[in-house]
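Reading through the C-alpha cells given below for one structure.
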Amino acid sequence: MLFRASAKTVAAMVLDGSLFLHLNEQFAHHHGYRVGPAEAQSWERSIPALVNALNDAGLGDVEVLLEYALPLNSRRADAVLAGRHPTTGEPSYVVVELKQWSQAEPDAEDPELCHVHGNDRSRPKLNPIEQVRRYCEYLVNFNGALAEHGHRVSGVAYLHNATEFGVAGLRAIESDEWGQLFTEQHRGGFLEYLRAKLSRAVPGAPVADELLSGKQVPSKQLMSVAAQEVREREQFVLLDEQQVAYRIVLNAVRRAKQADHKEVVVVEGGPGTGKSVIALSLLGELYRQGDTALHATGSQAFTKTMRKVAGARKRDVQDLFKYFNSFMAAEKNALDVLICDEAHRMRKTSANRYTPARLRTDKPQVEELIDAARVPVFLLDQHQVVRPGEMGTVEEIEAAAKKRNLACTVVHLDSQFRCGGSDAYLRWVLRLLGLEPGGPALWEPDDRMELRVADSPEEMERFLDDCRAQGYGARITAGYCWKWSKEPKPGDPLPADVVIGDWARPWNLKGERGVSGAPPSALWATDPAGFGQVGCVYTAQGFEYDWSGVIIGPDLVWRGDRWITDRAASKDPAFNKSTSDDDVDRLIRNTYKVLLTRGMVGTVVYSTDPETQEKLRALVGAQREVAVG
C-alpha cells in the first residue's frame, strides 16, 4: 500500500497537488525506482474520479487504501475502500479497479479477455470485471481477517471515462458481488452502489486497521479445495525413505503445534528420488488436517508447471505455489509449514534490482524461509546448483537453523525413480563428471536405462524423432555454449543459435508466451512442441521426459586423463568476473549432471569436441552407439 487516508483528506491532497508527490515518493521508496509516466498519469486521472465520487456520495470518512498490495504477491489493487456496512454494521471492504478506457470490446473467442481501443490488439487485457473478481477472491483466500468473511468483500471496476455504448460488450461475462462494472455515464448508479456497501455515519480507519493486521496465510476454505485437488487426486505411493521423510515432517508439525515451538526438516536426494512427490503428498495431507501450508521454489518454470498440474481444475489452488522471494515481508511463523522444493536454487538474498527499498536487507534468503513457518521443509539436491549465487546446501540450512537454536532433521533419499530407476546409471553420471570419486567408468548396460553415443547432432535428432514416432517424449538439451538471440516478433522464425557444422537449431524461448509454434519457456519440457528447440539447464531442471539428447559443448572437454572446464567457451551470462574459476568448474559439471539425468527411458549423448567424443565412445562401448539411418 502506498497511501491511506479518509476520502475527504485524499480529495484535499488532490486539490493542493501533494497527493501525487507523496505517491511518487512512496513508490520510489517501496520499489527502488521511479514510477513510469503511464502509471503517474493514471493516478492523476483516476484517483480524483474515485474520491470525488466518494465525497459526492457522502462517504468522506471512508478510509481509502491506494495501491493496496495483495498478500504474498506482486500485484496491487488500485484502491480498497474500508468502512462499515450501512445495514449490518460489519466491516465492509470494496476493492476498486480504476480504468481510463473510453472504449473496449470483448475478445471474439473468450469474453474474459478484451481489447482496448487504441491499444495493440495482439495483446488482450483481462476483462475488468474478471480482474477485480480475482482480486477479491485472492484477498479472501490469503488475508486472515477475511478468511471466514468473504461476504464482507465487494469488487467493482469503475471506467470513469467510458459510456455504456463504448464498453457494453464487457458485460458479456456474469457479474456478482465480487465483480461489478460502472461507467461515467452511470455515475449515479456507482454512487448508490457505494452507499449500499459503506456507511456514511462511521469512520473507516479502524476497519482498515483490521484488514491491514490480518495474517497473510491461506484460508481454511482454500485449503479444503486444495485437499481435494492434491490429496484426493494423488496417485503417488511413497516408498521406504520417501514415506519416512513424509512422516518426519508430519510429526514435526504435530510437535510444533503441541509444544509451541519450531524445527527445520531437510530432505536431500538426487534426481528422481521423489522429492516433489513428497512435497505434493505433504501439501494434500496438511490441507486435509487444516494446517496452513504453502509450496515455494526458486524456479519460474517449475512453479508454473506445479500450478498447472496441481491446480488444473481449481484456479485457487494455483495461488498456493509461490517463489522463494515471496517471503521477504512475511510475518514470522505465520504458516504452519513452508515446503521449499528445489531448495538448491535458494539465493544469498531475495533482493534484486526490482526489490522495493523498504525490503532491502542483508538477511539471507534461507533465514527468511525459516522464519516464515513453524516447520520449514527444504527438499534439495546439492549437485543441481548450476548458477552463481545459488546457496541451497544441507550445510547452509543446518547453519541457519543452528543460528536460531532450532533442531534440524536431515533425511537422505536413496531410491530414485528417474532414469528408469537405474542406480547404476546415476553412479555412472556422477563418476563421469567427477562428482563422486573413482573416475569415469565403463558403462555396463542394465535393463533399466539405455545409454547411447551419437556421431553427430543430426544423428541424435533422427534417433529421437524415431522415438517420438513410437509414442515416446524426447528433448534435446545442450550446455550454455552458444549465444542466445532476442526472441523474434510473432510470425517470424526463431533464430537458430545452436550451430554445430551444418546443423542449427534455436534455443528454447525465454519468455512467457509462445512464438512461431514454440511453447513458452515454462512449458518447453512438457509441451510436445518443445522438441523443435534446444533446451538449456534452466528450462530442463526439475523436469523429466522419456528420451534425453544431451550435447556437451566446448565448455567441458576431456584432455588426457581429466576434464577441463573452459569458462571462455561458456556464454552463460550468470558467470561474471566475480565468479571464481573453481565455482565455474563446479557449476558447469553440475549443469551436465542435470542434463544427463532428465531421461526416464534413455539418454543419447554427443560432444562437439573430438577427443571428448572418443572418450565417450570408449566409456559407453561401440555396441551402444546410435545406428545411422
Side-chain angles (χ1 to χ4, degrees), residues 271 298-301 342 344-345 347-348 352 381-393 429-430 432-435 440 454 456-457 460 475-487 494-501 503-510 521 524-525 533-543 548-560 562-598 603 605-613 615-616:
S299 164
Q300 185 180 65
E342 298 276 293
H344 43 266
R345 302 202 67 176
R347 311 294 291 183
K348 184 176 181 180
N352 57 41
D381 174 3
Q382 299 186 112
H383 289 314
Q384 287 199 49
V385 175
V386 297
R387 256 185 177 166
E390 292 181 342
M391 309 289 289
T393 66
V429 169
L430 294 175
L432 171 74
L433 298 171
L435 298 174
S456 66
M460 173 187 288
R475 294 292 183 276
I476 295 176
T477 57
Y480 207 144
C481 299
W482 292 267
K483 289 185 178 180
W484 209 315
S485 300
K486 291 183 179 179
E487 289 180 8
L494 302 181
D497 289 327
V498 183
V499 180
I500 305 170
W503 186 84
R505 293 293 179 270
W507 284 113
N508 63 259
L509 296 178
K510 288 182 179 179
S521 174
W524 170 84
Q533 312 92 50
V534 178
C536 77
V537 66
Y538 303 126
T539 39
Q541 192 170 30
F543 298 99
S548 173
V550 179
I551 298 173
I552 299 176
D555 58 345
L556 184 68
V557 296
W558 184 264
R559 292 293 180 264
R562 69 192 63 193
W563 288 107
I564 302 295
T565 52
D566 181 0
R567 68 182 297 157
S570 176
K571 301 298 186 282
D572 193 335
F575 296 166
N576 53 43
K577 292 181 180 179
S578 64
T579 311
S580 70
D581 288 344
D582 286 344
D583 281 343
V584 169
D585 178 82
R586 175 177 59 90
L587 296 171
I588 287 175
R589 291 172 191 252
N590 283 351
T591 290
Y592 285 109
K593 186 256 189 177
V594 170
L595 299 183
L596 287 165
T597 54
R598 299 303 95 192
T603 298
V605 64
Y606 166 78
S607 173
T608 59
D609 175 72
E611 186 174 339
T612 308
Q613 181 75 352
K615 180 64 176 178
L616 292 171

Pair D555-Y592, side-chain donor/acceptor within less than 3.5 Å: yes
Polar side-chain atom of E487 near backbone of L494 as donor-acceptor pair, under 3.5 Å: no
Spatial distance of atom CG (L595) from atom CD (Q541) [nearest 0.5 Å]: 9.0 Å
Check: Q613 side chain, S456 main-chain N or O, donor-acceptor pair, under 3.5 Å: no
No-hydrogen, no-angle side-chain donor-acceptor test under 3.5 Å, S578 and N576: yes
R505 vs W482, side chain to side chain contact (heavy atoms under 4.5 Å, CB included): CA-CA, chis, key distance, verdict: CA-CA 11 Å; R505 293 293 179 270; W482 292 267; over 6 Å; no
Sequence-distant partners of Y606, side-chain hydrogen bond (donor to acceptor under 3.5 Å, both in side chains), two or more places apart: none
All ring pair (Phe, Tyr, Trp, His ring centres under 6.0 Å) counterparts of Y480, not counting sequence neighbours: W484, W507
Least distance between heavy atoms, K593 atom then D381 atom: NZ-OD2, 2.6 Å
Gap separating the CD1 atom of I551 from the OG1 atom of T477, nearest 0.5 angstrom: 7.5 Å
Partner residues of T565 under the side-chain hydrogen bond (donor to acceptor under 3.5 Å, both in side chains) criterion, sequence neighbours left out: D585
Carboxylate-amine/guanidinium proximity below 4.0 Å for K615 and D609: no
